[in-house]
Q: 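Questions regarding the structure given below will be posed in turn.
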Amino acid sequence: MRITDTADLWWKNAVVYCLDVETYLDWDGDGCGDLAGLAQRLDHLADLGVTCLWLMPFYPTASRDDGYDITDFYGVDPRLGTFGDLVEVIRTAKDRGMRVIIDLVVNHTSDEHPWFRSARASKDSPYRDYYVWRADPPPDTSAQVVFPDREDSIWQLEEKTGEWYLHKFYKTQPDLNIANPLVRDEIAKVMGFWLQLGLDGFRVDAVPFLLETEGIDQAEVERFPDPHRFLRALRALVDRRAGDGVLLGEVNLPHEQQAEFFGGTDGDELTMQFDFIAMQAMYLSLARADATPLVDALTSRPATSPDNQWGMFVRNHDELTLDKLSEDERAEVFAAFGPEERMQVYGRGLIRRLPPMLAGDPRRVRMVYSLMFSLPGTPVLFYGEEIGMGEDLAEGSRLAVRTPMQWTAGRNGGFSRAAPSKLTRPVVEGGFSPEFVNVVDQRRDPDSLLSFMKLLIRRYRESPELGWGTFEVLGQPHPEVLASLTSWDDGALVALHNLGPEPRTVPLVLADCGSTHRLEDLLTVGSTQLADDGSVELALEGYGYRWLRVVAEDSRRLL
């Protein structure tokens with residue numbers, strides 16, 4: 001492989017940034033974020049080092065699930081702007097070196113979508129079979145609901161026709177019938193429409209639910225025997241229409257099943273997938289101050305095509321799910337990072353952001369982000385992480401982390417000029433309020449988290465081995481320390497992270513290295529010579545972290 005290959009498979013060493021237009025910046029003063037406001041902040045993202053912008057749903061919506069209950073797949077919510085505003089965002093982002101992907105939410109619609117309004121009105125509707133119906137009373141399905149605080153069944157009776165429709169999520173989000181070829185054609189049209197506007201792909205919502213055929217008439221299922229064939233067709237569509245487009249899939253399944261959604265080693269289905277297993281193991285490792293769970297998760301990843309990639313994240317826009325941990329493991333994480341019931345949700349996850357979970361300790365916060373960027377995969381940031389925003393527990397559930405972006409220390413955190421009562425969502429209060437956490441103050445502070453994140457992203461982008469290379473866990477005696485070596489082409493990087501509070505001296509031996517090699521610190525100034533046998537001892541502070549480039553005496557890499 002060559003350095004020029006990174007331009008073809010750009011997603012392998014990208015920096016992805018997820019934001020909700022509604023809570024990012026209000027430019028017209030109505031209390032709701034908008035596309036015009038986002039356009040004004042693209043330079044902030046470019047300065048941060050973002051290379052791929054992921055927009056959460058901006059479609060027309062019934063507003064019962066924060067935009068994920070869509071009433072028109074081909075539209076822009078008028079509260080957020082117009083198609084013209086969206087195209088300006090896309091064009092300006094590309095000018096600043098950022099690709100743009102959007103949420104593709106096609107496993108269900110809103111119950112106010114014209115298709116469903118027609119389907120629920122009559123069994124003779126041409127859209128009736130766009131959805132999944134049953135005539136007989138359903139069994140108890142309370143164990144299958146995704147949101148147990150709001151639903152107790154995945155079937156809902158439609159009084160007018162006397163039949164039940166399927167909804168894996170809320171009852172206001174009826175599931176589409178993926179076995180219906182007309183529905184599959186509609187999904188392809190939706191994707192083609194947005195790709196034609198110049199987008200670079202999609203973050204695909206709830207992929208296993210999209211391909212699920214349970215509850216669909218058996219005769220229809222037999223005519224649709226291989227749902228993964230459809231996923232391959234969607235990947236081929238993106239490849240044809242966008243050339244270097246990407247499908248970033250939400251697949252919260254064990255690694256072995258995730259391999260199927262990549263398309264096995266052929267890699268012809270999803271381009272990327274979030275690694276929920278590694279994320280959950282990371283929090284267990286942090287709770288225990290023991291790197292073993294995270295190491296086990298990373299080394300258990302299945303083989304994938306070189307064209308595929310894992311997405312690494314500390315926080316996303318939903319609950320911080322811990323559903324793949326055992327009950328005892330989950331209890332450990334709850335005790336460490338969310339001991340109060342109001343911090344937990346559905347008995348399986350947390351509704352907190354990282355800084356409050358770590359009591360605002362800047363050492364630990366920076367160590368965790370350094371760790372995330374150093375792991376094999378593509379880093380995905382959620383808006384506000386670059387400055388260490390907190391959550392609003394009073395909002396509850398998944399909305400706790402979807403609070404207005406904090407730009408200044410002024411009223412509403414600089415998000416909007418509207419009265420606070422008019423804001424689409426309240427601004428965080430307390431120790432993580434805009435008075436203490438905002439972009440403007442941190443831009444002026446070379447020691448701020450924002451400045452650290454800029455350095456981290458710069459070094460990550462200068463180290464393509466982190467996205468492309470072979471990852472190896474290095475042996476050393478401290479369980480709280482993760483020492484890794486990532487190698488690719490002529491590049492090799494050693495990363496050290498101390499998950500515990502006590503300083504450690506870490507002895508390492510680097511194979512095929514000797515006294516003609518040295519280790520150059522990338523996050524600070526420093527250089528360490530290796531011994532003739534490739535051995536070295538490296539000091540780590542409590543919650544310390546180091547990135548060290550392996551440099552041979554004839555290396556031409558810039559430092």
Side-chain angles (χ1 to χ4, degrees), residues 17-45 53 55-71 75-86 88-89 92 110 112 172 315 317-318 342-343 351-353 355-356 360 382-444 450:
Y17 186 97
C18 170
L19 65 86
D20 185 352
V21 174
E22 186 176 353
T23 55
Y24 207 59
L25 181 66
D26 168 25
W27 199 246
D28 62 9
D30 65 355
C32 179
D34 45 49
L35 290 162
L38 170 57
Q40 298 295 325
R41 291 295 182 259
L42 290 175
D43 283 334
H44 164 71
L45 299 178
L53 182 59
L55 302 182
M56 290 169 62
F58 51 75
Y59 312 99
T61 172
S63 298
R64 296 177 185 170
D65 187 21
D66 200 28
Y68 285 86
D69 52 332
I70 296 166
T71 59
V76 174
D77 187 334
R79 296 177 308 135
L80 309 182
T82 66
F83 272 111
D85 295 324
L86 177 63
E88 286 193 338
V89 164
T92 307
S110 165
E112 295 183 18
T172 55
R315 195 64 180 88
H317 61 293
D318 278 329
R342 65 184 183 136
M343 301 172 176
I351 61 172
R352 311 195 72 195
R353 283 188 182 250
F382 185 50
Y383 77 94
E385 284 192 278
E386 70 269 33
I387 57 172
M389 277 174 54
E391 74 277 342
D392 182 358
L393 294 175
E395 283 289 285
S397 190
R398 295 172 298 157
L399 296 182
V401 299
R402 302 180 190 178
T403 56
M405 182 66 180
Q406 298 171 195
W407 297 106
T408 73
R411 189 172 83 155
N412 300 330
F415 162 71
S416 173
R417 292 182 175 137
S421 61
K422 299 292 186 181
L423 299 189
T424 186
R425 208 156 294 138
V427 175
V428 168
E429 298 179 349
F432 291 91
S433 71
E435 179 184 356
F436 305 105
V437 179
N438 67 76
V439 172
V440 166
D441 288 349
Q442 293 195 24
R443 280 169 58 90
R444 299 168 179 166
L450 178 61

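In what follows, every heavy atom counts, from backbone to side chain, and hydrogens, waters and symmetry copies are set aside.
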Q: For the backbone of P426 and the side chain of E395, can you confirm whether one donor and one acceptor N or O come within less than 3.5 Å of each other?
A: no
Q: Give a yes or no on this: more than 12 heavy atoms of other residues, nucleotides or ligands lie within 6.0 Å of atom CD of Q40.
A: yes
Q: I need the minimum non-hydrogen distance between Y383 and Y24, along with the two atoms involved.
A: CB-CE1, 3.8 Å
Q: Take atom CZ in R79; do more than 12 heavy atoms of anything else shown fall under 6.0 Å from it?
A: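 Correct, the count exceeds 12.
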Q: Indicate yes or no for a side-chain donor-acceptor contact from T61 to the backbone of D69 under 3.5 Å, with no hydrogens or angles considered.
A: yes
Q: Is it true that a side-chain atom of D34 and a backbone atom of W27 form a donor plus acceptor pair closer than 3.5 Å?
A: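 Yes, the answer is positive, given that a donor and an acceptor are paired below the 3.5 Å cut-off.
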Q: I'd like to know if the side chain of E112 and the backbone of A62 have a donor-acceptor N/O pair within less than 3.5 Å.
A: no
Q: Is there a donor-acceptor pair closer than 3.5 Å between any side-chain N or O of N412 and the backbone N or O of A418?
A: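 Pair found, side chain donor or acceptor close to backbone of A418.
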Q: Are any side-chain N or O atoms of R402 and backbone N or O atoms of H317, one a donor and one an acceptor, separated by less than 3.5 Å?
A: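 Yes: the side chain of R402 pairs with the backbone of H317.
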Q: Of D26, D66, D392, which meets salt bridge (charged side-chain N to carboxylate O under 4.0 Å, His left out) against R425?
A: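 Going through the options one by one, the only one that passes is D66.
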Q: Sub-3.5 Å donor-acceptor pair from the side chain of R315 to the main-chain atoms of R352, do we have one?
A: yes
Q: If we ignore hydrogens and angles and just use 3.5 Å, is the side chain of R411 paired with the main-chain N or O of R417 as donor and acceptor?
A: yes
